[in-house]
Engineer: 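Shown below is the structure under consideration.
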Amino acid sequence: MEAIYKEYVTEEFDDKGLLTKIDLRCPEHFNFGFDVLDEIARRTPDALAMLWCDETGAERSFTFREMSELSNRAANVFRSLGIRKGDRVMLVLKRHYQFWYAIMGLCKIGALAIPATHLLTTHDFTYRFNAAGVSAIVCTADGWTIPSVLEAEAESPTLKHKMIVHGSHEGFLDFDAAIDAASPVFERPTDDQATENDDKMLMYFTSGTTGLPKMVWHSFTYPIAHIVTAAYWHHVERGKLHFTVAETGWGKAVWGKLYGQWFCEAPVFVFDFERFHAKDVLDKIQKYKIATFCAPPTIYRFFLAEDLSQYDLSSVQSATIAGEALNPEVYNEIYRRTGLKMREGFGQTETTLTVATLYGMEPKPGSMGKPSPAYKADIVDADNKPTKPGEVGEIVLHIEDGKPCGLFGGYYHNDEMTAEVCRDGLYRTGDIAWRDEDNYFWYVGRADDLIKSSGYRIGPFEVESVLMEHPAVLECGVTGAPDPVRGQVVKATIVLNRGYEGTPELTKELQDYVKTHTASYKYPRIVEYVAELPKTISGKIRRTDLRKNN
């Protein structure tokens, strides 16, 4: 019996087994909680859905039947509080296993789930509660989340219910106790409480580098598009553990720890750590024989600081990378030391996987890969014409024939902003890239980060990638600084590794290094050394803040 996702796709492959075309089937009234989770639980109730562990050595496993019943219990808890279809519920649950059955419970009753990070402050919660009209929150007892929620509550009139896991606090419902007491049976809602495909199911506040976070919402068909993510990029296998390093507050969690993986009936591995240590993650990969692994480049850089020969990583058959562009030197060193060819993927909070080096493709180090067969992705110039190889343009998705499955429904309460990015038959990502003769895409940067100097168009990422190869550089952010002659010049703001000082001699060395490792006109004419770089709450460099100092 094939995994359930096969019932939702029509696929075509070339003679090498590479996916070349896919059509996604979106049946009416699709609801992932009932149609996928419960259906797998009915067919193979004892199959493993998730293996969870934490830093203390605690470990829990969940079968699909158990996860199905727990999601029913969660739905009953929410329903008992008066939460109904369309209500907005925030989930701040770190890497706790309660996230999975909480979000599935919300899916079953048709409520709008809003995952969020535990790093939010009082100001962040206040803005989010009021902007989205949040009526309830389920949150962790760890850290400063509880006091921040309480402070924000005073200015958030829509917030009616507060729930807590792994602890107790006055004014908060003990979610764990409520789950234990709830019924494991929940009937699929009918009539006006039944979910429609275009209903709002999931929403994220994007951590943009300018302005207040935007509210990106997805419909109930969104999970179907993640079949491509898991089956053809991660290349997960039924019954084999997949490990994506992501906190549940970020969109990457549902990319790599839920929808596509369960569609493929692959169990997800969750390591509930407080602070990241590379050796701990490597230990878990070895101990639990992880089959497929996905993480941002930063994680792989930390791996390279360890003696990888001390770990048995032979179980890993597929390694993927996302979240930021991949520096070629990281790819090359991981391959040299492990034999794994990392495959990059690109997407946004507004999309699913749009460009990727799918399983079976030969990676080109530093390239994002090719457009996913699930989208009509392109690179266009200022006149919306497809660029030629080597020409820089904006990555877009063609939507002339309607929005494809996986593309967001819009920005919540902001039709004007939605219309700005969805116009002329295109969805505009705001990301700049170029293609080569083989139609591999190469990332340059965000449109507003592009540096225009003496007629040259310079992407900050390509300069950052070269600087990151130098042993003195720990982190760097590249921006354009005003110049009366050239219009702009390249400026590098650098955090140094231990043992290095920001001397004029080092500056000259770094400038020469860039000149000899990429086109000489891209070298940073201005170099500034700082203790840390300004970043968004999701860890992205805030180049807008760097530009303010130019």
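One is the number of the first residue; the rest follow in order along the sequence.
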Engineer: For residues 252-262, pull every pair meeting side-chain hydrogen bond (donor to acceptor under 3.5 Å, both in side chains), keeping only residues two or more places apart or in separate chains.
Structural biologist: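 Output for this query lists H234-Q261.
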
Engineer: Are a donor atom and an acceptor atom from the side chains of S68 and R42 found within less than 3.5 Å of each other?
Structural biologist: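 Their side chains do not contain a donor-acceptor pair, so the 3.5 Å distance test is not met.
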
Engineer: For the residue pair Y232 and E11, confirm or rule out a side-chain donor-acceptor distance under 3.5 Å.
Structural biologist: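 On atom types as modelled, these side chains qualify, holding a pair under 3.5 Å.
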
Engineer: Search all heavy atoms of G256 against all heavy atoms of T244 and return the closest pair with its distance.
Structural biologist: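 Nearest pair, atom of G256 first, then T244: O-OG1, 3.2 Å.
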
Engineer: Please check if the number of heavy atoms outside Y311 that lie under 6.0 Å from its OH is greater than 12.
Structural biologist: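 More than 12 within 6.0 Å, yes.
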
Engineer: Are N384 and R428 linked by a side-chain donor-acceptor pair shorter than 3.5 Å?
Structural biologist: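 Looking only at side-chain atoms, R428 and N384 do form a donor-acceptor pair, the distance falling under 3.5 Å.
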
Engineer: Can you check whether V355's main-chain N or O pairs, donor with acceptor, with S372's side chain at less than 3.5 Å?
Structural biologist: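 No, because the side chain of S372 does not come within donor-acceptor range (under 3.5 Å) of the backbone of V355.
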
Engineer: Is there a side-chain contact between M468 and E329 in this structure, where contact means two heavy atoms from C-beta onward sitting under 4.5 Å apart?
Structural biologist: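 Answer yes - side chains close enough.
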
Engineer: I299 and F293: which non-hydrogen atoms are nearest, and at how many Å?
Structural biologist: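 I299 and F293 have their closest heavy atoms at CG2-CZ, 4.4 Å.
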
Engineer: CG/D272 to NE2/H96 distance, rounded to the nearest 0.5 angstrom?
Structural biologist: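 One finds 5.5 Å between CG of D272 and NE2 of H96.
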
Engineer: Would you confirm whether R337, through its side chain, and Y335, through its main-chain N or O, come within 3.5 Å as a donor-acceptor pair?
Structural biologist: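 A pair under 3.5 Å: no.
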
Engineer: Do N72 and K108 get their side chains close enough for a donor-acceptor pair, meaning under 3.5 Å?
Structural biologist: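 Present: a donor and an acceptor within the cut-off.
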
Engineer: Please find the pair of heavy atoms, one from L340 and one from V316, that lie closest to each other, and give the distance.
Structural biologist: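 Residues L340 and V316, closest heavy atoms: CD2-O, 3.5 Å.
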
Engineer: May I ask you to say whether K364 pairs ionically with D438, meaning some side-chain N is under 4.0 Å from a carboxylate O?
Structural biologist: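 Yes, this pair counts.
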
Engineer: Taking the side chain as every heavy atom from C-beta outward, state whether P115 and L202 have any atom pair closer than 4.5 Å.
Structural biologist: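 The answer is yes; the side chains approach within 4.5 Å.
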
Engineer: Passes side chain to side chain donor-acceptor pair (under 3.5 Å), Y359 versus T320? Steps please.
Structural biologist: CA-CA 10 Å; Y359 187 79; T320 46; over 6 Å; no

Engineer: Are the side chains of I22 and V228 in touch, meaning some heavy atoms are under 4.5 Å apart?
Structural biologist: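 In contact.
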
Engineer: Residues two or more places apart in sequence or in another chain: which of them pass salt bridge (charged side-chain N to carboxylate O under 4.0 Å, His left out) with R43?
Structural biologist: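 Salt bridge (charged side-chain N to carboxylate O under 4.0 Å, His left out) check on R43 returns E7, E39.
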
Engineer: Checking side chain to side chain contact (heavy atoms under 4.5 Å, CB included) for the pair I103/L258: CA distance, chi angles, key distance, verdict?
Structural biologist: CA-CA 10 Å; I103 197 171; L258 179 57; 4.0 Å; yes

Engineer: Looking at residues at least two apart in the chain, or sitting in another chain, which of them share a salt bridge (charged side-chain N to carboxylate O under 4.0 Å, His left out) with K85?
Structural biologist: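 Salt bridge (charged side-chain N to carboxylate O under 4.0 Å, His left out) check on K85 returns D199.
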
Engineer: Whether the side chain of Y427 engages the backbone of T351 through a donor-acceptor N/O pair (distance < 3.5 Å, no angle test) should be reported.
Structural biologist: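 It does not hold such a pair.
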
Engineer: Verify, without hydrogens or angle tests, whether N31 (side chain) and G33 (backbone) share a donor-acceptor contact under 3.5 angstrom.
Structural biologist: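 Yes.
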
Engineer: Looking only at non-hydrogen atoms, find the nearest pair between T357 and G369 and report the distance.
Structural biologist: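 Smallest interatomic distance, heavy atoms only, reads OG1-CA, 3.4 Å.
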
Engineer: Ignoring hydrogens and angles, tell me if any N or O in the side chain of E394 forms a donor-acceptor pair with the backbone of G430 under 3.5 Å.
Structural biologist: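 A pair under 3.5 Å: yes.
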
Engineer: Would you find more than 12 non-hydrogen atoms of other residues, nucleotides or ligands less than 6.0 Å from K388 atom NZ?
Structural biologist: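 Counting other residues, nucleotides and ligands, NZ of K388 stays at 12 neighbours or fewer.
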
Engineer: Of all residues at least two apart in sequence or in a different chain, which pass the salt bridge (charged side-chain N to carboxylate O under 4.0 Å, His left out) check with E265?
Structural biologist: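 Residues passing salt bridge (charged side-chain N to carboxylate O under 4.0 Å, His left out) with E265: R238.
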
Engineer: How about L37 and S71: do any of their side-chain heavy atoms sit closer than 4.5 Å?
Structural biologist: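 Touching, per the 4.5 Å side-chain cut-off.
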
Engineer: So which heavy atom on F441 is nearest to which on P371, and how close?
Structural biologist: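 For F441 versus P371, the nearest heavy atoms are CZ-CG, 3.6 Å.
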
Engineer: Run E344 and Y443 through side chain to side chain donor-acceptor pair (under 3.5 Å) and show every step you take.
Structural biologist: CA-CA 11 Å; E344 191 169 351; Y443 189 73; over 6 Å; no

Engineer: Looking at residues at least two apart in the chain, or sitting in another chain, which of them share a salt bridge (charged side-chain N to carboxylate O under 4.0 Å, His left out) with K240?
Structural biologist: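 Listed in chain order: E237.
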
Engineer: May I ask you to decide if F303's main-chain N or O and E306's side chain share a donor-acceptor pair within less than 3.5 Å?
Structural biologist: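 Looks like no, no N/O pair under 3.5 Å.
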
Engineer: Any donor and acceptor pair, going by atom type alone, linking the side chain of D424 with main-chain N or O of L426 inside 3.5 Å?
Structural biologist: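 Between the backbone of L426 and the side chain of D424 there is no qualifying donor-acceptor contact (under 3.5 Å).
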
Engineer: Is it true that, when you exclude Y440 itself, more than 12 heavy atoms of the residues, nucleotides or ligands shown sit nearer than 6.0 Å to its OH?
Structural biologist: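 Yes - once you tally the heavy atoms of other residues, nucleotides and ligands closer than 6.0 Å, there are more than 12.
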
Engineer: Treating W233 as the side-chain partner and R343 as the backbone partner, does any N or O pair qualify as donor plus acceptor under 3.5 Å?
Structural biologist: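 At least one qualifying donor-acceptor pair exists.
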
Engineer: Under 6.0 Å from the ring centre and within 45 degrees of the ring axis: does the NZ or CZ of K284 meet both conditions for the six-membered ring of F243?
Structural biologist: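 The answer is no, since K284 fails at least one limit relative to F243.
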
Engineer: Would the distance check show the side chain of T429 and the main-chain N or O of I395 forming a donor-acceptor pair, the cut-off being under 3.5 Å?
Structural biologist: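 A pair under 3.5 Å: yes.
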
Engineer: Distance under 6.0 Å and angle within 45° of the ring axis: does R95 meet both against F271?
Structural biologist: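 Geometry flag: not set, cation outside 6.0 Å or 45°.
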
Engineer: Side chain of E66, backbone of T63: donor and acceptor closer than 3.5 Å?
Structural biologist: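 Flag set: sc E66 to bb T63 pair under 3.5 Å.
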
Engineer: Assess, by modelled atom type and distance only, whether the side chains of H398 and E400 contain a donor and an acceptor separated by less than 3.5 Å.
Structural biologist: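 Present: a donor and an acceptor within the cut-off.
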
Engineer: Is the centre of the Y97 ring less than 6.0 Å from the centre of the W52 ring?
Structural biologist: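 Aromatic pair counts; centres sit under 6.0 Å.
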
Engineer: In terms of heavy-atom contacts, does CZ of F273 have more than 12 from other residues, nucleotides or ligands at under 6.0 Å?
Structural biologist: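 It does: F273 CZ has more than 12 such atoms within range.
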
Engineer: When the aromatic ring centroids of Y222 and F32 are compared, is their separation below 6.0 Å?
Structural biologist: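 Aromatic pair excluded; centres sit 6.0 Å or further apart.
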
Engineer: Flag the pair F408 / S219 as yes when at least one side-chain heavy-atom distance between them is below 4.5 Å, and no otherwise.
Structural biologist: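 Of all side-chain heavy-atom pairs linking S219 with F408, none is under 4.5 Å.
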
Engineer: Assess the side chains of E59 and Y288: does a donor N or O sit below 3.5 Å from an acceptor N or O?
Structural biologist: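 Their side chains do contain a donor-acceptor pair, which is all the 3.5 Å distance test asks for.
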
Engineer: L241 versus V268: any side-chain heavy-atom pair under 4.5 Å?
Structural biologist: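 The answer is no; the side chains never approach within 4.5 Å.
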
Engineer: Answer yes when R435 and D378 have at least one side-chain N-carboxylate O distance shorter than 4.0 Å, and no when they do not.
Structural biologist: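 Looking at D378 together with R435, the answer is yes, because their closest N to O distance falls below 4.0 Å.
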
Engineer: Under a 4.0 Å N-O cut-off, is there an ion pair linking K289 with D312?
Structural biologist: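 A salt bridge is absent here (no side-chain N lies under 4.0 Å from a carboxylate O).
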
Engineer: Output yes when R188 and D35 qualify as a salt bridge under the 4.0 Å nitrogen-oxygen rule, no when they do not.
Structural biologist: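 Yes.
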
Engineer: Do H235 and Q317 have a side chain donor and acceptor closer than 3.5 Å?
Structural biologist: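 Note: H235 and Q317 side chains miss the donor-acceptor criterion.
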
Engineer: Please determine whether side chain to side chain donor-acceptor pair (under 3.5 Å) holds for the pair E247 and H118, giving the CA-CA distance in whole Å, both sets of side-chain angles, and the decisive distance to 0.1 Å.
Structural biologist: CA-CA 9 Å; E247 195 231 292; H118 70 288; 3.1 Å; yes

Engineer: As a test of understanding, state which of D46, T44, D38 forms a side-chain hydrogen bond (donor to acceptor under 3.5 Å, both in side chains) with R65.
Structural biologist: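 Among the candidates, only D46 passes.
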
Engineer: Regarding E350 and Y411, do their side chains bring together a donor and an acceptor under 3.5 Å, going by distance alone?
Structural biologist: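 Yes, a side-chain donor-acceptor pair sits under 3.5 Å.
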
Engineer: Identify the heavy atoms of M342 and V330 that sit nearest to each other, and give their distance.
Structural biologist: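 Shortest heavy-atom separation between M342 and V330 comes out as CE-O, 3.9 Å.
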
Engineer: Checking C53 against V270 for the side chain to side chain contact (heavy atoms under 4.5 Å, CB included) test, could you report, in this order, the C-alpha distance in whole Å, the side-chain angles of both residues, the deciding distance, and whether it holds?
Structural biologist: CA-CA 6 Å; C53 65; V270 180; over 6 Å; no

Engineer: Once side-chain hydrogen bond (donor to acceptor under 3.5 Å, both in side chains) is applied, what residue pairs with a partner in residues 18-28 remain, sequence neighbours excluded?
Structural biologist: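 For residues 18-28, and leaving out neighbouring residues, there are no side-chain hydrogen bond (donor to acceptor under 3.5 Å, both in side chains) pairs at all.
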
Engineer: Do V396 and I379 touch side chain to side chain, with heavy atoms closer than 4.5 Å?
Structural biologist: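 Not touching, per the 4.5 Å side-chain cut-off.
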
Engineer: Any heavy-atom pair between the side chains of L91 and I114 that's under 4.5 Å?
Structural biologist: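 No, their side chains stay 4.5 Å or more apart.
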
Engineer: Any carboxylate oxygen within less than 4.0 angstrom of a Lys/Arg side-chain nitrogen, looking at K341 and E362?
Structural biologist: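 Between E362 and K341 there is a salt bridge, with a charged N closer than 4.0 Å to a carboxylate O.
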
